[in-house]
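Proteins come first, then strands; the chains are lettered A, B, ... in the order of their sequence lines, and each starts at number 1. The figures that follow rest on heavy atoms only: side chains count, while hydrogens, waters and symmetry mates do not.
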Amino acid sequence: MTQTSPMPPLLGEATLLPSLTAAAPHHVLRALHAHLLVSGRLASPPHLAAFLASLASSGHLAYARLVLPRRPATLLAHNALLRALARGPRPGLAFAAFRDLPLPPDHYSLSFLVRAAAALAAAPAAAGERPVRTEASARRLLVAVSAHGAAVRRGHAADPHVQSGVVSMYAALGDAAGARAAFAEITCPDVVCVTAMVGALSAGGDVDAARDLFDEMPLRDHVAWNAMIAGYVHVGRTREALRLFDEMQSAGAAIGEATLVSVLTACAQMGALDRGKWVHWYMRSHGMRMSVMLGTALVDMYSKCGVVATAMEVFESMGERNVYTWTSAVSGLAMNGMGLECLELFKRMESSGVQPNGVTFVAVLRGCSMAGLVDEGRTCFDSMKDKHGIDPWLEHYGCMVDLYGRAGRLDDAINFINGMPVEPHEGVWGALVNASRIHNNVELGKHALDKLLQIESENDAAHVLLSNIYAVTQNWKGVSRVRGMMKAKGVKKVPGWSAIEVDGKVHEFFVGGKSHPRYKEIEMMLAEMSRRLRLQGYAANTKEVLFDIEEEEKEDAISLHSEKLALAFGLIALPEDVEIRIVKNLRVCKDCHDYTKLISKVFDREIITRDRNRFHHFKDGTCSCKDYW
DNA sequence: CTAGGGTTAG
């Protein structure tokens with residue numbers, strides 16, 4: 001190395017600054033430090049600032065605190081540190097740094113402080129802690145208010161960067177009123193502030209207000225579009241999300257990763273495989289990098305559309321995976337009934353170095369329970385605390401009851417409930433109800449339903465089930481009592497629907513719905529289906545089971561569950577060599593399940609139904625769930 | 001040297 005300039009050529013300006021802002025291992029940071037010292041660049045405020053940020057984001061805070069006081073205090077350096085802390089894993093540290101500032105803070109300092117408060121508010125509960133309203137959340141509110149207060153006191157509350165931060169900070173806290181109030185203070189909000197408010201309103205569930213604001217925006221950039229699309233996805237209004245995405249493309253806004261992640265989430269929710277595949281194609285044809293988030297969203301979309309093989313291909317192709325990625329894949333295998341593969345993947349995750357979290361355990365426990373892997377599930381549950389230090393949530397207890405109950409080990413399920421260190425919640429009793437249903441234990445079912453209704457007096461499905469039990473056991477007084485209870489409490493059944501995608505368009509069917517433009521054909525097909533099933537000896541059957549879910553309301557005895565309408569439409573509208581994919585919002589009832597199995601055989605079609613809980617892959621007269629759901 | 005949008009379960 002020849003030294004022709006006063007600066008050593010080890011690292012040129014072009015490579016030095018970017019490498020300074022990124023997180024790096026300790027030995028690299030030491031080398032950088034030495035380099036900066038020798039070259040004299042540690043005296044340059046931008047270099048010092050970048051170096052401090054790099055130290056902080058690499059977690060070497062003590063190191064940063066050692067370097068900082070030896071240099072003349074500049075806000076530039078201190079702000080860089082604040083910024084890194086605010087974006088780091090422990091945003092609370094930014095508050096300590098703010099308190100210890102040797103100079104009066106400027107609008108940069110305040111914007112970072114507000115960001116730190118927002119990050120703190122949004123921070124998921126500590127590992128193992130079930131997300132609940134605690135003193136911790138009250139403290140977060142105080143912190144947020146104090147950050148906002150500091151901005152006001154220091155006279156920086158009118159800075160646009162601070163303002164947008166304040167709005168999204170209240171949104172992160174779930175304080176929609178706070179966000180509205182802060183937004184109302186802004187005399188002339190710019191695009192960024194309005195976008196923050198669109199996000200805040202969506203997060204608060206008021207998407208329509210968000211949309212009004214969005215429509216009034218004089219100028220919408222791609223982030224504003226993304227915020228609005230995400231808002232719709234967030235509340236499950238997926239069709240509106242996709243429609244807005246179409247408008248976004250027509251408007252010529254830049255489609256980026258965030259957009260596609262939201263679009264994929266929408267496709268996953270509605271089971272729109274064709275649109276999901278289109279996004280995948282779009283990514284490839286535009287040379288987009290398969291980032292962790294995009295890859296995860298793809299794995300999730302393919303899983304929720306029942307195409308596990310492709311989900312796994314994407315998963316395997318990813319260079320980097322985080323908890324979300326692994327959990328998506330584990331959960332995808334679980335809901336498609338692939339218990340052994342699910343367990344195997346979970347073990348791979350454990351050795352991959354990515355720590356599973358509570359959600360991962362919900363997924364793997366569900367996988368075990370779907371496949372009847374009782375002992376394996378128990379081992380997972382025990383390892384959660386012993387090996388991973390995660391305290392079980394109520395959801396995990398519910399999974400365990402489901403695991404024992406489904407396998408017919410009702411005594412174990414009851415003993416497990418009795419041994420719980422916390423009060424069982426609705427999910428636990430719901431799992432016991434379901435187990436009683438599967439194993440035809442009316443007494444236990446009634447007991448569990450009573451408990452469930454004590455906790456969730458408005459639970460529509462529980463009422464329906466209880467009434468069904470009474471009906472099947474010919475207790476008509478019981479039936480009318482439950483009906484009366486429902487009326488008195490104003491409990492309404494959730495309307496059932498089934499959806500099917502044809503040529504990229506999602507068609508929805510409701511019970512007894514005759515509004516579809518091709519209803520005449522559907523009706524004829526239904527008649528044809530009945531005729532051919534009768535030849536196979538099928539008779540509508542609900543007598544054999546003591547009580548069935550029948551979550552979906554029929555208007556009268558002859559009308560059909562929405563699922564059968566969708567199935568008939570699929571038989572008409574899809575080519576013969578294509579599998580029929582149905583998504584429904586409730587669980588499949590026994591009759592529809594039997595019916596679909598036979599249709600798959602008689603019509604020689606593969607049928608894939610996603611219900612509220614899981615997938616059913618019907619082929620040749622059998623179902624992947626082994627009649628066990 | 002700032003700001004706004006995005007991924008896992010139920």
Side-chain angles (χ1 to χ4, degrees), chain A residues 17 21 45-46 48-50 52-53 74-84 86-87 106-115 118 124 131 156 159-169 171 189-200 202-203 220-231 233-234 253 256-265 268 291-301 303-304 321-332 334-335 356-367 393-396 398-399 425-427 430-431 612-613:
Chain A
L17 274 175
T21 46
L48 174 63
L52 285 167
T74 62
L75 263 182
L76 187 71
H78 283 273
N79 284 345
L81 184 63
L82 270 180
R83 176 171 187 257
R87 293 150 68 111
D106 62 2
H107 55 291
Y108 286 91
S109 329
L110 266 312
S111 84
F112 299 141
L113 189 73
V114 165
R115 251 202 84 91
H156 296 299
D159 178 78
H161 297 90
V162 173
Q163 285 169 332
S164 58
V166 168
V167 169
S168 58
M169 176 186 77
D190 62 7
V191 216
V192 179
C193 284
V194 181
T195 305
M197 194 57 206
V198 166
S202 302
R220 298 176 201 96
D221 62 8
H222 69 283
V223 183
W225 284 97
N226 292 347
M228 196 59 239
I229 291 173
V233 176
H234 181 71
E257 254 197 61
T259 323
L260 294 186
V261 168
S262 286
V263 172
L264 283 171
T265 307
S291 69
V292 183
M293 269 196 190
L294 260 178
T296 304
L298 272 175
V299 169
D300 183 51
M301 184 278 293
S303 297
K304 286 187 178 151
R321 308 175 185 118
N322 62 17
V323 219
Y324 291 85
T325 320
W326 283 97
T327 305
S328 279
V330 168
S331 161
M335 67 187 150
N357 62 21
V359 180
T360 320
F361 277 98
V362 171
V364 70
L365 288 176
R366 278 178 58 80
W393 306 340
L394 282 163
E395 284 84 346
H396 299 116
C399 287
H425 75 319
E426 63 281 359
R612 195 171 186 70
N613 277 335

Using a 4.0 Å heavy-atom cut-off, does [X] contact any base of the nucleic acid, only the sugar-phosphate backbone, or nothing at all?
X        : result
A:Asn79  : base
A:Ala258 : base
A:Ser262 : sugar-phosphate
A:Ala230 : sugar-phosphate
A:Val191 : base
A:Asn613 : nothing
A:Thr325 : nothing

Given the structure, check if the side chain of [X] and the base of [N] hold any donor-acceptor pair shorter than 3.5 Å.
X        : N     : result
A:Thr195 : B:dG4 : yes
A:Asp190 : B:dG4 : no
A:Ser328 : B:dT8 : no

Is the distance from OP1 or OP2 of [N] to the nearest side-chain N or O of [X] less than 4.0 Å?
X        : N      : value
A:Arg115 : B:dG4  : yes
A:Arg366 : B:dG10 : yes
A:Lys304 : B:dT7  : no

Report the distance from atom [atom1] of [X] to atom [atom2] of [N], rounded to the nearest whole Å.
X        : N     : atom1 : atom2 : answer
A:His222 : B:dG6 : NE2   : C1'   : 11 Å
A:Leu264 : B:dT7 : CG    : C1'   : 10 Å
A:Glu395 : B:dT8 : CD    : P     : 16 Å
A:Arg87  : B:dT2 : CZ    : P     : 9 Å
A:Phe112 : B:dG4 : CZ    : P     : 11 Å
A:His161 : B:dG4 : NE2   : C1'   : 10 Å
A:Asp300 : B:dG6 : CG    : C1'   : 13 Å
A:Met169 : B:dG4 : CE    : P     : 12 Å

Exercise. Who passes salt bridge (Lys or Arg N to Asp or Glu O under 4.0 Å) against A:Arg321, sequence neighbours left out?
Worked result: A:Glu316
Problem set entry | Euclidean distance, A:Ser262 OG relative to A:Met228 CE, rounded to 0.5 Å | 11.0 Å
Exercise. Of all residues at least two apart in sequence or in a different chain, which pass the side chain to side chain contact (heavy atoms under 4.5 Å, CB included) check with A:Thr360?
Worked result: A:Val323, A:Thr327, A:Phe346, A:Met349, A:Pro356, A:Asn357
For this session: Kindly confirm whether the side-chain ring of A:Tyr324 is stacked on the base of B:dT8, judged by centres under 5.5 Å and planes under 30°.
Result: no
For this session: Identify whether a stacking contact exists between A:Tyr108 and B:dC1, where the ring centres must be under 5.5 Å apart and the planes under 30° apart.
Result: yes
Exercise. Of the candidate nucleotides B:dT7, B:dG4, B:dC1, which contains the atom at the shortest distance from the side chain of A:Asn322?
Worked result: B:dT7
Exercise. Between B:dT2, B:dG4, B:dC1, which one does the side chain of A:Val192 approach most closely?
Worked result: B:dG4
For this session: Mind telling me whether A:Phe361 and A:His396 have parallel, tilted or perpendicular rings, with 30° and 60° as the class edges?
Result: perpendicular
Exercise. Does A:Ala253 offer a backbone N or O that forms a donor-acceptor pair with the side chain of A:Arg220 under 3.5 Å?
Worked result: no
Exercise. Is A:Ser109 close to A:His78 at the side-chain level, that is, under 4.5 Å between some pair of heavy atoms?
Worked result: no
